[in-house]
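Beneath this line is the structure, given in structure tokens, with notes to follow.
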Amino acid sequence: MITRNHHIDTLRGAAILCVLLLHFALAYGLKNSPLEILPSWLLRAAYQGNYGVTMFFVISGYLITSTSLHRWGDLARIDLAAFYLYRVARLLPALLLALSLIVLLGVLDVPFFANSDGGKDLPASYFVIAIASVLTFWHNVLMQSAGYFNYCLNVYWSLSVEEMFYLLLPLSCRFLRRRLAIMLLCGTAIAAGPVYRSLHADNEIYFMYGYLACFDAIAIGCLTALLTQHWQPGARAGRCLRWTAGLALAALYVRGIGGHEVFGFTLIALASAAFIAGATAVPAAGQGRQGPLQWMGRHSYELYLFHIIVLAGMRNVVDKAGLGYAERLPWLALFLAATALAAAVVARYVSDPSNAALRRRFGSSATATPARAGGSPGAAPRKN
């Protein structure tokens, strides 16, 4: 069984927390609250949450690649049917539930669920193409033409980026077969990222949401998994690498995205990869008690899907102008608590049982080949 790595869970928990804080800050702001005592540069950091998505991409690229290496021993031996089954079983049930809630409330014309974001006034029938774009991995492309049109669906652009990459990854590995060729393909994606972002630095829907704007981070994660399959730092070197990478992530995050649209995401991805490499240190790092960030990392997918639904509901109760000085922090705490509760319930009663049931039902013919020696220790949570 593939065991969880708590250091990677911590990084993923930090990434989803960055996203949650960003969306709350955009909805309600952080000024006119006790947080005003903090330096302005620290308050501005809350608005850099798209860097958290980049961290997600690196982690995901690493986990998918290391899990595939564990299951099949070599990327050229990926069982396509099994690979896609695992992705569908893990992702689709919770996503269908989230989309159903959004469409139901949107059709009822509930604010922040309807297709009326950004001054748009699109009919309920537009949900047909919107939902189709999410389920077929081109929602980011739709947004490049339609703009921000649905408050809840807007955030699901990242699913299209990630799943398009994983639609292409196993096919590319089976076609290229040689490890060096696969690494060169990842290198091409890494080189293309800054070039694409430089050509679209004036439009965030392109330089943050485009396929080529994001594939470099996932490819960096893939290369990290290939590297650590046969090499892991020692315990002391791993600890040093994690601390150094963590400080670099903090510094880059505080520096912000503005003015660094081209290489800022690349640097965040490289620092995340360095942290992950440090997390594979041998002897394996102790897996102590699970803290809040580790819990958030374990439930990051459900948190990502449902936090925006929770936030949209809260915005229908109280708007930004309706929150007073003393109420903003409790409202933030309520948002985090309600999101965590929703994620826990969905994971417990939808994601986990559906994942297991689908694998049992359709996975009998998708048998994995045991990995060869040299796999990265504690590399991948079992859910991926």
Side-chain angles (χ1 to χ4, degrees), residues 2-5 7-9 11-12 54-80 82-84 86-87 161-194 211-212 214-234 237-238 241-242 245 265-282 284-285 368-384:
I2 304 173
T3 57
R4 302 196 72 95
N5 185 305
H7 294 305
I8 295 176
D9 276 342
L11 183 63
R12 188 153 57 171
T54 301
M55 293 159 63
F56 267 126
F57 286 150
V58 179
I59 296 166
S60 188
Y62 170 80
L63 293 177
I64 288 296
T65 305
S66 59
T67 301
S68 297
L69 290 170
H70 178 90
R71 286 177 177 146
W72 296 292
D74 191 292
L75 294 181
R77 300 166 65 195
I78 290 178
D79 183 323
L80 296 180
F83 182 93
Y84 294 129
Y86 295 150
R87 299 306 297 165
V161 169
E162 194 170 345
E163 296 315 313
M164 181 59 74
F165 189 95
Y166 297 130
L167 177 66
L168 300 175
L169 175 65
L171 296 173
S172 301
C173 291
R174 290 293 297 269
F175 176 75
L176 295 173
R177 302 197 66 81
R178 297 180 63 85
R179 183 186 182 95
L180 178 59
I182 295 170
M183 295 178 71
L184 287 175
L185 180 62
C186 289
T188 301
I190 294 169
Y211 292 123
L212 291 180
C214 305
F215 278 0
D216 58 337
I218 307 177
I220 287 171
C222 294
L223 287 181
T224 304
L226 289 169
L227 170 67
T228 57
Q229 183 188 20
H230 300 293
W231 171 87
Q232 300 91 36
L241 194 54
R242 291 193 303 273
F265 295 94
T266 303
L267 294 176
I268 285 285
L270 290 172
S272 300
F275 185 96
I276 292 170
T280 67
V282 288
T369 302
R372 297 176 184 139
S376 179
R382 58 182 177 275
K383 284 187 179 181
N384 289 290

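Positions are given from 1, in the same order as the sequence printed here. This structure is a prediction, so every number in the text was calculated from the model and none was measured.
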So which atom in [X] and which in [Y] form the shortest heavy-atom distance, rounded to 0.1 Å?
X	Y	result
Arg12	Phe56	CG-CE2, 3.5 Å
Ala219	Ile190	CB-CG1, 3.9 Å
Glu162	Ile218	CA-CD1, 4.1 Å
Arg242	Phe275	O-CD1, 3.5 Å
Thr224	Ala273	OG1-CB, 3.3 Å
Leu63	Ser66	O-OG, 3.2 Å

side-chain contact (heavy atoms from CB on, under 4.5 Å) against [X], all qualifying residues, sequence neighbours excluded:
X	value
Tyr84	Leu80, Leu167, Pro170, Leu171
Ala269	Thr54, Val58, Ala217, Ile220
Leu176	Ala181, Ile182, Leu185

[X] [atom1] to [Y] [atom2] distance, which is reported to the nearest 0.5 Å:
X	Y	atom1	atom2	answer
Leu241	His7	CG	NE2	11.5 Å
Cys173	Arg77	SG	CZ	13.5 Å
His230	Leu69	NE2	CG	7.5 Å
Met164	Tyr211	CE	OH	3.5 Å

Do the side chains of [Y] and [X] get nearer than 4.5 Å, heavy atoms only?
X	Y	result
Ser60	Phe165	no
Ser272	Ile59	no
Phe83	Ile64	yes
Pro194	Asp216	yes

Among all residues two or more places apart in sequence or in another chain, which pass the ring pair (Phe, Tyr, Trp, His ring centres under 6.0 Å) test with Phe57? none

For Asp9 and Arg4, indicate whether the former's side chain and the latter's backbone hold a donor-acceptor pair under 3.5 Å. no

Donor-acceptor pair, side chain of Thr65 and main chain of Tyr62, under 3.5 angstrom: no

For residues 167-194, the side-chain hydrogen bond (donor to acceptor under 3.5 Å, both in side chains) pairs (sequence neighbours left out) are Arg179-Gln229

What residues form a side chain to side chain donor-acceptor pair (under 3.5 Å) with Thr266, not counting sequence neighbours? Arg197

